[in-house]
Amino acid sequence: MYTTYMTDDSFSCALLKALRSQSAALCLLSSAKLWEEKTMVWLVPAVLVVTAGVFYLYGLILRLLSKTTLRNRVVLITDSASALGKECAKVFHKGGARLILCGKNWEKLEDLAEQLANESDPTLTFPPKLVELDFSDMELMPEVVSDVLDCYGCLDVLIFNSSMKVKAPVQTLSLEMDKMVMDANYFGPITLAKGVLPSMITRRSGHIILVNSIQGKLAVPFRTTYAASKHAVQAFFDCLRAEVQEYGISVSTLSHTFIKAAPSVKQAPAANSVLSVLTRQKPHGVSPEEMAGELLKTLSSKKNEIIMAHSISKAAIYARSFFPNFFFAVTAAGVRSTAAMEHVQ
């Protein structure tokens, strides 16, 4: 039997080899970590760029499809002389749509039609048709429906853009004012929709778009009649969507909080209260150009519902559904805060 003894030299060699192996392993580990860190540094921006590119291409495709689908389509816009109505008229007219411009002021409609004609190529566009429309005069609605259908014999897209606003304590509002607001914001639009609906059902195609206030989903104090009319019209078109889906007719609603009239108009500073926070929109409001662009995309996507509001207003909608008592307490506090500020002033 032999016993092997390790000399100092052999022990030193073994120890040196072990240290070298460990050092090599540490170097490999460090290299792997460094490579992983560099990969992450490049990977995150790459993912963001690719994601942004996908969304950009998606939006570009929708815009191209929208312009394609607009060509030769009959589009009616109520309150065409408003800021949003004018912008929609410009966008749709350039896209080759056959426009029917509606509004209460005939002179403004004529001015808009002349402006569209001067700013477009007559070989690529169609001269707009004009129909005088005042939702507050319900007795004339059957005649209006007849005039609309006489323009081109059919209607492909119906955009409800008109609205009558009122803000006051409930005890100061007369029944006559309540009726006026309900006619303008509810009975008028649904009467026009009912009037053109048989034509759409017969052709088994059509798209109805309601531009509505976010107060159709979120009731705010001092806007009782206005919020009631907006809730009513929202509910009507939500029900209508389900009823006409089988006929190939789409119904979309676009809810916003505030549309700024023009860049040059300086908005008054909002009151520092809970109610002002719920009803304002992206500090300076959503522009008519943004709204028109969203409506254009909606024609292609046929999305049922769009909400153009800041995060606080969207959170308030969810709070109203899931935490109603909390929402009611907050709005009541807002009323007390507003009353206290008016008392101080």
Side-chain angles (χ1 to χ4, degrees), residues 78-85 102-106 108 132-145 160-195 210-239 253 255-259 261 265 267-268 270-271 273-281 285 313 316-317 320 324 327-345:
T78 66
D79 198 10
S80 301
S82 66
L84 176 57
C102 299
K104 293 186 291 185
N105 192 311
W106 186 259
K108 290 184 178 181
E132 191 169 356
L133 170 62
D134 186 358
F135 282 140
S136 62
D137 192 349
M138 294 298 298
E139 293 182 358
L140 293 178
M141 286 308 298
E143 182 180 345
V144 170
V145 172
F160 288 107
N161 169 51
S162 54
S163 180
M164 181 178 181
K165 299 178 178 63
V166 60
K167 176 184 177 182
V170 64
Q171 66 271 18
T172 65
L173 291 174
S174 65
L175 182 59
E176 288 72 19
M177 176 59 71
D178 292 339
K179 290 180 178 178
M180 286 177 59
V181 174
M182 290 299 295
D183 282 345
N185 296 348
Y186 176 69
F187 287 112
I190 71 166
T191 302
L192 180 55
K194 288 181 176 182
L210 171 70
V211 179
N212 199 25
S213 168
I214 198 172
Q215 292 184 54
K217 292 181 168 295
L218 193 66
V220 179
F222 303 116
R223 295 164 179 82
T224 48
T225 302
Y226 179 70
S229 68
K230 291 301 180 179
H231 271 71
V233 75
Q234 179 76 37
F236 177 88
F237 284 103
D238 283 345
C239 294
T253 59
S255 302
H256 62 85
T257 53
F258 175 72
I259 300 178
V265 177
Q267 300 294 337
S273 68
V274 176
L275 303 184
S276 64
V277 171
L278 293 179
T279 55
R280 71 186 181 208
Q281 164 78 16
S313 296
I317 294 175
R320 171 63 180 86
F327 175 80
F328 297 148
V330 170
T331 52
V335 172
R336 290 193 295 270
S337 174
T338 302
M341 290 177 63
E342 292 177 352
H343 179 71
V344 170
Q345 293 174 354

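- By the side-chain contact (heavy atoms from CB on, under 4.5 Å) test, S80 pairs with I77, L101, L109, L112, sequence neighbours left out.
- The two residues V145 and T191 come nearest to each other via the heavy atoms CG2-O, 4.4 Å.
- When all heavy atoms of W106 and E132 are compared, the pair lying nearest together is CZ3-N, 3.8 Å.
- Taking A232 as the reference, M182, Y186 meet the side-chain contact (heavy atoms from CB on, under 4.5 Å) condition, with sequence neighbours excluded.
- To the nearest 0.5 angstrom, Q215 atom CD is 9.5 Å from S313 atom OG.
- Residues that satisfy the ring pair (Phe, Tyr, Trp, His ring centres under 6.0 Å) test with F237, not counting sequence neighbours, are F160.
- Qualifying salt bridge (charged side-chain N to carboxylate O under 4.0 Å, His left out) partners for D137, counting only residues two or more places apart in sequence or in other chains: none.
- Nearest heavy atoms, G188 versus M141: O-CE, 3.9 Å.
- Side-chain contact between L210 and P189: absent, with no pair of heavy atoms (C-beta onward) separated by less than 4.5 Å.
- Scanning both residues, A219 and A227, for their nearest heavy atoms gives CA-CB, 4.4 Å.
- In this structure, CG in N105 is found 12.5 Å from OG in S82, a value given to the nearest 0.5 Å.
- Put simply, the side chain of N185 does not reach to within 4.5 Å of the side chain of V233, judged on heavy atoms.
- Within the 4.5 Å cutoff, the side chain of Y226 has heavy atoms near those of the S213 side chain.
- The shortest side-chain heavy-atom distance between V181 and L173 does not fall under the 4.5 Å cut-off.
- In this structure, the side-chain contact (heavy atoms from CB on, under 4.5 Å) partners of M180, at least two apart in sequence or on a different chain, are M164.
- Side chains of L84 and D79 form no contact here, defined as non-hydrogen atoms less than 4.5 Å apart.
- Here the closest heavy-atom approach between residue S162 and residue F135 is recorded as OG-CE1, 3.1 Å.
- The side chain to side chain donor-acceptor pair (under 3.5 Å) pairs that include a residue from residues 164-184 are D178-T225, where partners are two or more places apart or lie in different chains.
- Side chains of L140 and D134 form no contact here, defined as non-hydrogen atoms less than 4.5 Å apart.
- Of the N and O atoms on the side chains of S163 and K230, at least one donor lies less than 3.5 Å from an acceptor on the other residue.
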